[in-house]
Amino acid sequence: MNESIAQKLTSLKNALPPEVTLVAVSKTKPIADIMEAYEAGHRHFGENKVQEMQEKYEQLPKDICWHMIGHVQGNKIKYMAPFVHMVHGIDKQKRLKELNKEAKKNNRVIDCLLQVHIAQEDTKFGFDALEIQDLLQSDFQTKYPNVRVRGLMGMATFTDDESQVSREFKGLRSLFMDSKELLQLEHFDTLSMGMSGDYKLAIAQGSTLVRVGSAIFGSR
Ligand SMILES: *Cc1c(COP(=O)(O)O)cnc(C)c1O
């Protein structure tokens, strides 16, 4: 039996702890699929390409919270700055600076996450733990007043080895807790880790936000 998008979304939501945010990753999926999830009451959607997200933003209800989960290119920030809800993939200081500039032009303070490189593969972007600590100990808040760093994001190695994935998530959780303690900021509250294949492991390690695509919308 084929479950509908709404059914998959509902059973997934029921299985998540109530404090965990679900971002439904709708990249490559049509407007009709997103509307089905929207009509089932869902509001948080994730995309990995700025242009695609912008096109969908224009066609869809304006109370959707759009998450940019992909790798961010500096020259694309201006297109999402007017509406994006959270930018997950900030992987260098330069991006923070660019995001700050575009947020300011739009009179906004934009929420973002710092992407941490936790996987074994060297193809994945992100800061390492030392760079995170350096950045968080700097005066980034005064330098970039139009961005609000809400937490960390990471992607585990693409492997069947669950113990490795869990270890990577655990490491990110511990960096997140250390950062939280260092910063003492109420709004530093988001740890984005876990996708269709590994969200259960991520939640077991203390994720507060999962980014799930194919388990809701089907394979791409
Ligand atoms: C595509 C993507 C996801 C969702 O992947 P699924 O395996 O379909 O759940 C999550 N996070 C990022 C960064 C992605 O690019």
Side-chain angles (χ1 to χ4, degrees), residues 2-16 20-30 33-34 36-37 40 42-57 64-73 76-77 80 84-92 95 99 111-127 150-162 164-166 168-169 172-173 176 190-220:
N2 259 336
E3 272 186 308
S4 69
I5 290 170
Q7 282 168 330
K8 284 191 247 180
L9 187 62
T10 305
S11 44
L12 179 57
K13 269 190 181 166
N14 289 338
L16 294 178
V20 172
T21 301
L22 171 62
V23 171
V25 177
S26 50
K27 62 188 185 196
T28 77
K29 297 295 175 182
D33 287 9
I34 302 175
E36 189 180 336
H42 201 68
R43 293 296 179 270
H44 289 265
F45 293 91
E47 291 284 335
N48 70 339
K49 294 206 168 70
V50 172
Q51 191 185 340
E52 184 177 342
M53 182 171 76
Q54 189 187 4
E55 284 166 7
K56 287 173 172 172
Y57 162 75
I64 288 178
C65 298
W66 290 102
H67 293 251
M68 174 41 61
I69 61 168
H71 182 240
V72 180
Q73 288 170 284
K76 301 281 169 65
I77 292 175
M80 64 175 164
V84 70
H85 177 73
M86 184 178 270
V87 180
H88 292 231
I90 295 294
D91 65 345
K92 48 176 81 129
R95 294 285 170 273
L99 185 62
D111 283 348
C112 73
L113 303 175
L114 304 175
Q115 183 168 355
V116 186
H117 183 275
I118 57 169
Q120 228 166 32
E121 297 125 35
D122 48 27
T123 49
K124 285 180 182 154
F125 302 97
F127 294 96
R150 294 290 302 267
L152 306 178
M153 178 267 205
M155 273 187 279
T157 305
F158 187 71
T159 172
D160 289 336
D161 183 350
E162 295 197 347
Q164 181 179 351
V165 171
S166 292
E168 290 170 359
F169 285 150
L172 185 57
R173 170 71 185 191
F176 173 69
T190 306
L191 179 56
S192 167
M193 58 183 198
M195 330 194 339
S196 294
D198 58 18
Y199 71 87
K200 287 180 187 149
L201 300 176
I203 287 169
Q205 296 302 331
S207 169
T208 75
L209 182 156
V210 292
R211 310 172 309 269
V212 179
S214 45
I216 299 168
F217 296 108
S219 58
R220 291 179 293 272

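Remember, it's 1-based here, ligands and their atoms both numbered in the order they're listed.
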Next on the checklist: Geometry only, no angles: is Ser214 polar-contacting ligand 1 at N/O separations under 3.5 Å?
Outcome noted: yes

Next on the checklist: Using 0.5 Å steps for rounding, measure from the NZ atom of Lys49 to the CD atom of Gln73.
Outcome noted: 10.0 Å

Checklist entry - Distance from Met68 atom CE to Asn48 atom CG, nearest 0.5 Å? => result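 So the CE of Met68 and the CG of Asn48 are separated by 6.5 Å.
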
Name each donor-acceptor pair under 3.5 Å that joins a side chain in residues 210-220 to protein atoms two or more places apart or in another chain, with its distance.
residue : atom : partner : partner atom : Å
Arg211  : NH1  : Ser192  : O            : 3.1
Arg211  : NH1  : Ser192  : OG           : 2.8
Ser214  : OG   : Ser196  : OG           : 3.3

Next on the checklist: Please list the nearest protein heavy atom to atom 5 (O) of ligand 1 with its residue and the distance rounded to 0.1 Å.
Outcome noted: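 Sorting protein heavy atoms by distance from atom 5 (O) of ligand 1 puts Met195 CE, 3.6 Å first.
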
Checklist entry - In the protein, which heavy atom is nearest to atom 13 (C) of ligand 1, and how far is it? => result Ile69 O, 3.4 Å

Which ligand 1 atoms are under 4.0 Å away from a heavy-atom of [X]?
X      : answer
Met155 : 13 (C)
Val212 : 9 (O)
Gly213 : 4 (C), 6 (P), 8 (O), 9 (O)
Arg220 : 1 (C), 5 (O), 6 (P), 8 (O)
Arg211 : 4 (C), 9 (O), 10 (C), 11 (N), 12 (C), 13 (C)
Ser196 : 6 (P), 7 (O), 8 (O), 9 (O)
Lys27  : 1 (C), 2 (C), 3 (C), 14 (C), 15 (O)

Are [X] and [Y] packed together at the side-chain level, in the sense that at least one heavy-atom pair is separated by less than 4.5 angstrom?
X      : Y      : value
Lys29  : Lys27  : no
Thr208 : Val20  : no
Arg173 : Leu152 : no

Item to check | Glu47 bridged to Lys56 by N-O distance under 4.0 Å | outcome: yes

